[in-house]
Amino acid sequence: MKTSISFLSSQYSFDKTIELINKSKADFIHVDVMDGLFVNNRTPFDKSMLDTLKNSRKPKEVHLMTLHLKKFIDVFSYIKPESIIYEFEATSDHNKLIKYIKSKEVKVGIAINPLTNIDLLIPYLKKINIILVMSVIPGYGGQKFLKETTERISYLEKIREEQDLHFVISVDGGISEDTIKSLKENKLDRIVAGSYVCKSANFDKQIEKLENVVK
Ligand code: DX5
Ligand code: ZN
């Protein structure tokens with residue numbers, strides 16, 4: 001299982017948090033982007049933050065919780081991410097958007113809201129690389145993990161196996177040593193952890209605690 005760290009709710013400054021993630025054993029930096037439209041919260045990024053991310057050692061996954069997706073894809077392509085993940089509910093033209101992200105030579109991910117039916121993803125599963133199952137309503141860090149997530153991931157795994165597909169399954173929101181226990185039986189490829197890691201004095205210790213539960 002790979003770990004991706006969201007710096008959205010950290011006890012440290014942006015620069016310090018990125019430095020701590022870079023020094024840690026995390027596999028990815030998870031970049032949460034919010035526009036105040038698709039979600040109420042807004043996460044402004046200036047040029048210097050984009051440069052810090054661009055030059056960071058770890059690969060980045062960009063999680064767009066925005067409308068105006070093309071504009072944000074253009075802006076965040078600059079940091080040379082491994083993947084760009086958009087919210088399924090933010091567009092109706094998935095084929096066009098998937099193509100657009102691929103044109104940036106970046107992997108494509110779709111995030112799905114806890115209230116959206118997983119079956120709606122089926123037509124696109126062949127074309128994408130990552131499904132990010134949201135285990136909280138997108139918008140804020142530090143929310144409570146929704147228990148239904150376990151079943152939703154199992155269902156997605158079943159579809160992946162039956163159709164012999166190879167997309168990565170990741171989960172985002174409310175992950176802690178305690179909540180990750182309910183995902184023990186899932187074949188999770190990746191997890192996103194935010195406050196559990198970034199509100200601690202020792203990032204590696206927290207990551208190891210998560211890894212040990214699913215081992
Ligand atoms: C929620 C974000 C998540 C979240 C993760 O809208 O996409 O990435 O901030 O943070 P924690 O782990 O604190 O829920
Ligand atoms: Zn996220």
Side-chain angles (χ1 to χ4, degrees), residues 1-12 14 17-18 20-21 24 26-45 49 53 58-67 69 72-73 76 79 81-90 101 106-116 129-150 152-153 168-183 188-200 203 205-211 213-214:
M1 183 191 74
K2 306 268 187 219
T3 51
S4 186
I5 308 303
S6 155
F7 54 85
L8 185 64
S9 10
S10 175
Q11 69 180 38
Y12 307 97
F14 169 78
T17 308
I18 300 302
L20 289 171
I21 300 174
S24 78
D27 299 290
F28 295 92
I29 301 177
H30 181 87
V31 184
D32 284 310
V33 183
M34 304 183 186
D35 63 350
L37 293 170
F38 181 76
V39 291
N40 289 331
N41 203 359
R42 256 189 94 237
T43 52
F45 285 85
M49 290 167 84
L53 288 169
K58 305 279 180 185
K60 276 78 58 186
E61 49 172 37
V62 173
H63 177 194
L64 297 179
M65 287 162 275
T66 70
L67 300 179
L69 287 163
F72 283 98
I73 291 163
F76 283 88
I79 69 168
E82 177 249 6
S83 51
I84 297 182
I85 302 165
Y86 70 90
E87 290 282 323
F88 185 76
E89 302 77 14
I101 297 176
V106 167
K107 289 185 180 166
V108 184
I110 297 182
I112 181 160
N113 214 282
L115 303 171
T116 304
N129 309 100
I130 300 167
I131 295 292
L132 184 64
V133 179
M134 294 308 296
S135 37
V136 296
I137 303 285
Y140 297 92
Q143 298 186 73
K144 200 169 155 273
F145 177 87
L146 298 169
K147 284 201 284 306
E148 309 83 88
T149 311
T150 312
R152 287 167 66 77
I153 293 176
V168 162
I169 300 178
S170 182
V171 60
D172 184 10
I175 294 289
S176 69
E177 191 187 4
D178 199 36
T179 58
I180 202 174
K181 284 184 189 140
S182 69
L183 301 170
L188 272 176
D189 306 296
R190 208 183 279 189
I191 53 150
V192 179
S195 40
Y196 182 71
V197 172
C198 296
K199 288 193 173 172
S200 83
F203 284 20
K205 200 169 122 200
Q206 298 299 93
I207 295 170
E208 273 161 26
K209 280 198 257 175
L210 296 176
E211 285 172 345
V213 175
V214 291

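In this text the structure is predicted, and so the values were computed from the model without any measurement. Ligands are counted one by one from 1 in listed order, and the atoms in each one are counted from 1 as well. Basis for what follows: all heavy atoms, side chains included, without hydrogens, waters or symmetry-related copies.
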message: Tell me whether Lys107 is salt-bridged to Glu61, with the criterion being a basic N under 4.0 Å from an acidic carboxylate O.
response: no
message: Is there a side chain to side chain contact (heavy atoms under 4.5 Å, CB included) between Phe7 and Tyr12? Walk through the geometry before answering.
response: CA-CA 9 Å; Phe7 54 85; Tyr12 307 97; over 6 Å; no
query: Can you tell me how far the CD1 atom of Ile101 sits from the OG atom of Ser83, to the nearest 0.5 Å?
result: 9.5 Å
query: Roughly how far apart are Thr179 OG1 and Leu146 CG, rounded to 0.5 Å?
result: 10.5 Å
field: Contact (N/O only, under 3.5 Å) between Gly142 and ligand 1
entry: yes
message: Only heavy atoms of Met65, strictly under 4.0 Å: list the atoms of ligand 1 that pass.
response: 6 (O), 7 (O)
message: Counting C-beta onward and ignoring hydrogens, is there a side-chain heavy-atom pair between Phe203 and Ile21 closer than 4.5 Å?
response: yes
task: Run the numbers for me: atoms of ligand 1, each under 4.0 Å from some heavy atom of Gly174, listed by number.
output: 11 (P), 12 (O), 14 (O)
field: Crowding at NZ, Lys209 (>12 non-hydrogen neighbours, <6.0 Å)
entry: yes
- line: Under 4.0 Å between heavy atoms, the region of Tyr196 that gets near ligand 1 turns out to be neither
- prompt: Got the closest protein heavy atom to atom 9 (O) of ligand 1, with its distance?
  reply: Leu8 CD2, 3.1 Å
task: Check each atom of ligand 1 against the heavy atoms of Ser195 and keep those under 4.0 Å away; list them by number with element.
output: 11 (P), 12 (O), 13 (O)
Donor-acceptor contact below 3.5 Å, side chain Asp35 vs main chain Leu67: yes
message: Please check: side-chain N/O of Glu89 versus main-chain N/O of Asn113, any donor-acceptor pairing under 3.5 Å?
response: yes
- prompt: Does His63 reach the side chain of Val33, with side-chain heavy atoms less than 4.5 Å apart?
  reply: no
Heteroatom proximity flag, Val192 to ligand 1, N/O under 3.5 Å: no
Ser135 (side chain) donor-acceptor with Gly173 (main chain) under 3.5 angstrom: yes
task: Decide whether an N or O pair under 3.5 Å exists between Ile137 and ligand 1.
output: no
- line: The atoms of ligand 1 lying under 4.0 Å from a heavy atom of His30, numbered in the order shown, are 8 (O)
- prompt: Any donor and acceptor pair, going by atom type alone, linking the side chain of Gln143 with main-chain N or O of Gly174 inside 3.5 Å?
  reply: no
message: Among Asp172, Leu132, Ile85, Thr179, which one puts a heavy atom closest to atom 3 (C) of ligand 1?
response: Asp172
message: Once you restrict to heavy atoms under 4.0 Å, what part of Ser6 touches ligand 1? Side chain, backbone, both or neither.
response: side chain
- prompt: Can you list the steps and then say if Thr150 with Ile153 is a side chain to side chain contact (heavy atoms under 4.5 Å, CB included)?
  reply: CA-CA 5 Å; Thr150 312; Ile153 293 176; over 6 Å; no
statement: closest protein heavy atom to atom 2 (C) of ligand 1 is Asp32 OD1, 3.5 Å
- prompt: Judging by distance only, is a nitrogen or oxygen of Gly139 under 3.5 angstrom from one on ligand 1?
  reply: yes
- prompt: Can any side-chain N or O of Asp32 pair as donor or acceptor with the backbone N or O of Leu8 at less than 3.5 Å?
  reply: no
message: Check this for me: does any side-chain nitrogen of one of Lys205 and Glu177 sit under 4.0 Å from a carboxylate oxygen of the other?
response: no
query: Taking the Zn ion (ligand 2) as the center, what protein N, O or S atoms are found at less than 2.8 Å?
result: His30 NE2, Asp32 OD1, His63 ND1, Asp172 OD2
task: Tell me which protein heavy atom sits closest to atom 10 (O) of ligand 1, plus the residue, atom name and distance to 0.1 Å.
output: Gly194 CA, 3.6 Å
message: Using a 4.0 Å cut-off to any heavy atom of Gly173, which atoms of ligand 1 qualify?
response: 14 (O)
query: Which ligand 1 atoms are under 4.0 Å away from a heavy-atom of Met34?
result: 6 (O)
field: Atoms of ligand 1, numbered as shown, that sit under 4.0 Å from any heavy atom of Tyr140
entry: 1 (C), 6 (O)
- line: Atoms of ligand 1 under 4.0 Å from any heavy atom of His63, numbered from 1 in the order shown, are 7 (O)
message: Please check this pair: side chain of Asn41 against backbone of Tyr140, looking for a donor-acceptor N/O pair closer than 3.5 Å.
response: no
